[in-house]
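Scroll down for the structure; my scribbles are underneath it.
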Amino acid sequence: MSQLPLQTWIKEGYTAIPVMLLKYYKKLNLTETESMLLIQLHAFIDKGNLFPTPDQIADRMTLTSSECLKIIQKLVKKNLLEINEGEEEIKTEHYSLEPLWNCILTVAGQEQFQETVEQTMAMQTDLYSMFEQEFGRPLSPLECETLAMWIDQDDHSPEIVKAALREAVISEKLNFRYIDRILFEWKKKGIKSPEDAKKQGEQFRKPKPQTEKPHEPAPFYNWLEN
């Protein structure tokens with residue numbers, strides 16, 4: 001059996017299949033057969049054939065023309081495929097995969113939003129646990145309310161609240177008023193990341209030169225008085 005020359009392969013060209021389709025077709029409740037038909041449609045459109053016939057599609061699949069037509073009708077009914085009319089004088093029709101791409105983006109967006117919500121909830125739960133661990137007791141309702149206020153009203157991230165807690169622990173001033181003052185100062189100075197907060201705390205805890213006060217211990221920055 002003779003083999004086709006490589007030039008034939010190159011001449012046929014390539015079709016870029018969106019990874020998002022491969023990643024999300026299952027979540028759109030598409031079967032492998034439906035997905036392959038959509039990929040074939042995408043390839044036809046990509047090559048300039050905007051309205052391939054069921055026979056042309058069936059030639060590339062293990063389906064009959066009738067089966068291809070039924071799947072196309074089903075995809076149109078599921079709002080994943082559109083058949084639009086052209087604007088030319090002679091009436092033409094073409095397939096549009098735009099509804100499919102929009103559905104994928106919607107599902108991906110919902111998934112990302114859900115992940116963000118779950119991560120935020122996990123971080124807030126972790127935040128409460130961290131406070132209780134450092135205080136060595138369950139938080140009071142008022143303290144829980146204060147924690148929620150820092151996140152929801154003052155718009156502090158859980159990471160920056162944890163950083164403020166660490167700063168209070170290091171400064172041996174473990175109380176909510178002191179932590180609130182730290183957060184207030186950081187917000188005023190535009191400090192939003194734990195890294196910047198750490199640098200700020202280290203800067204204030206730097207020991208003074210020995211020539212000034214050689215026998216004093218390294219001072220802690222008093223957030224309530226500065």
Side-chain angles (χ1 to χ4, degrees), residues 1-126 148 151-160 190 192-193:
M1 181 184 292
S2 62
Q3 194 176 51
L4 283 173
L6 183 60
Q7 287 79 359
T8 303
W9 178 296
I10 297 172
K11 187 180 177 183
E12 285 294 326
Y14 300 88
T15 294
I17 301 172
V19 173
M20 293 289 275
L21 173 60
L22 302 176
K23 188 176 178 181
Y24 285 98
Y25 78 90
K26 183 180 175 183
K27 293 183 179 176
L28 293 176
N29 294 320
L30 287 168
T31 65
E32 268 71 15
T33 302
E34 291 169 341
S35 301
M36 179 51 73
L37 189 143
L38 286 166
I39 290 172
Q40 293 290 0
L41 273 181
H42 176 59
F44 273 114
I45 293 170
D46 202 32
K47 297 300 175 188
N49 185 350
L50 307 183
F51 199 64
T53 65
D55 286 341
Q56 289 175 311
I57 300 170
D59 281 345
R60 295 184 175 184
M61 299 186 68
T62 57
L63 301 173
T64 64
S65 298
S66 175
E67 289 170 332
C68 285
L69 184 58
K70 285 181 181 176
I71 292 175
I72 289 171
Q73 290 170 338
K74 184 179 176 183
L75 292 170
V76 170
K77 195 174 180 180
K78 290 169 72 174
N79 294 320
L80 294 172
L81 180 66
E82 277 183 355
I83 299 176
N84 298 325
E85 291 187 358
E87 297 178 354
E88 299 83 1
E89 189 174 342
I90 300 174
K91 186 177 179 182
T92 59
E93 291 182 321
H94 62 268
Y95 290 112
S96 171
L97 294 172
E98 192 172 339
L100 173 64
W101 309 143
N102 288 334
C103 283
I104 291 174
L105 289 174
T106 300
V107 171
Q110 290 171 344
E111 189 176 81
Q112 189 176 42
F113 176 75
Q114 182 66 27
E115 286 177 3
T116 302
V117 170
E118 289 175 359
Q119 286 174 359
T120 302
M121 291 178 66
M123 288 174 71
Q124 289 190 5
T125 302
D126 182 46
I151 302 293
D152 299 332
Q153 293 184 22
D154 297 344
D155 204 26
H156 293 299
S157 68
E159 290 86 358
I160 208 73
K192 295 181 179 178
S193 71

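Heavy atoms only: backbone and side chains are in, while hydrogens, waters and symmetry mates are out. The first residue of the sequence shown is numbered 1, and numbering continues consecutively from there.
Residues H42 and P18 share a closest heavy-atom pair of NE2-CD, 4.0 Å. Of all heavy-atom pairs between F44 and Q56, the closest is CZ-O, 3.7 Å.
Side-chain contact check for C103 versus L80: some heavy-atom pair is nearer than 4.5 Å. With contacts defined as side-chain heavy-atom distances shorter than 4.5 Å, the pair L50/T92 does not qualify. Side-chain contact between L28 and K78: absent, with no pair of heavy atoms (C-beta onward) separated by less than 4.5 Å. A 4.5 Å side-chain heavy-atom check between D46 and Y14 finds every atom pair outside the cut-off. In this structure the side chain of Q40 never reaches within 4.5 angstrom of the side chain of P52, judged on heavy atoms.
Every residue two or more places apart in sequence or in another chain that forms a side chain to side chain contact (heavy atoms under 4.5 Å, CB included) with D55 is listed here: T53, S65.
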**OP:** I would like to know whether L41 and L75 meet side-chain contact (heavy atoms from CB on, under 4.5 Å); could you show each step before the answer?
**Re:** CA-CA 12 Å; L41 273 181; L75 292 170; 5.5 Å; no
Subject >> Steps toward side-chain contact (heavy atoms from CB on, under 4.5 Å) verdict (C68, L37) >> reply: CA-CA 8 Å; C68 285; L37 189 143; 4.1 Å; yes
Subject >> Trace of the side-chain contact (heavy atoms from CB on, under 4.5 Å) decision for Q114 with E118 >> reply: CA-CA 6 Å; Q114 182 66 27; E118 289 175 359; 3.0 Å; yes
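Atoms CD1 and CE, on I71 and M36 in that order, are 11.5 Å from each other to the nearest 0.5 Å. Atom CG in L97 sits 10.5 Å away from atom NE2 in H94 (nearest 0.5 Å). Put simply, CD1 on I39 and OG1 on T15 are 10.0 Å apart, with the number rounded to the nearest 0.5 Å. Here OG of S96 is found 10.5 Å from CD1 of I83. Values are rounded to the nearest 0.5 Å. Going from atom CG of L100 over to atom CG of L105 covers 9.5 Å, rounded to the nearest 0.5 Å. Distance check: I104 CD1 to L30 CG gives 8.0 Å after rounding to the nearest 0.5 Å.
No hydrogens or angles considered: nothing links the side chains of E115 and Q119 as a donor-acceptor pair under 3.5 Å.
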Just distance, no hydrogens or angles: give the donor-acceptor pairs under 3.5 Å from side chains in residues 19-26, sequence neighbours left out.
| from | atom 1 | to | atom 2 | distance (Å) |
| --- | --- | --- | --- | --- |
| Y24 | OH | E111 | OE1 | 2.8 |
| Y25 | OH | E32 | OE2 | 2.5 |

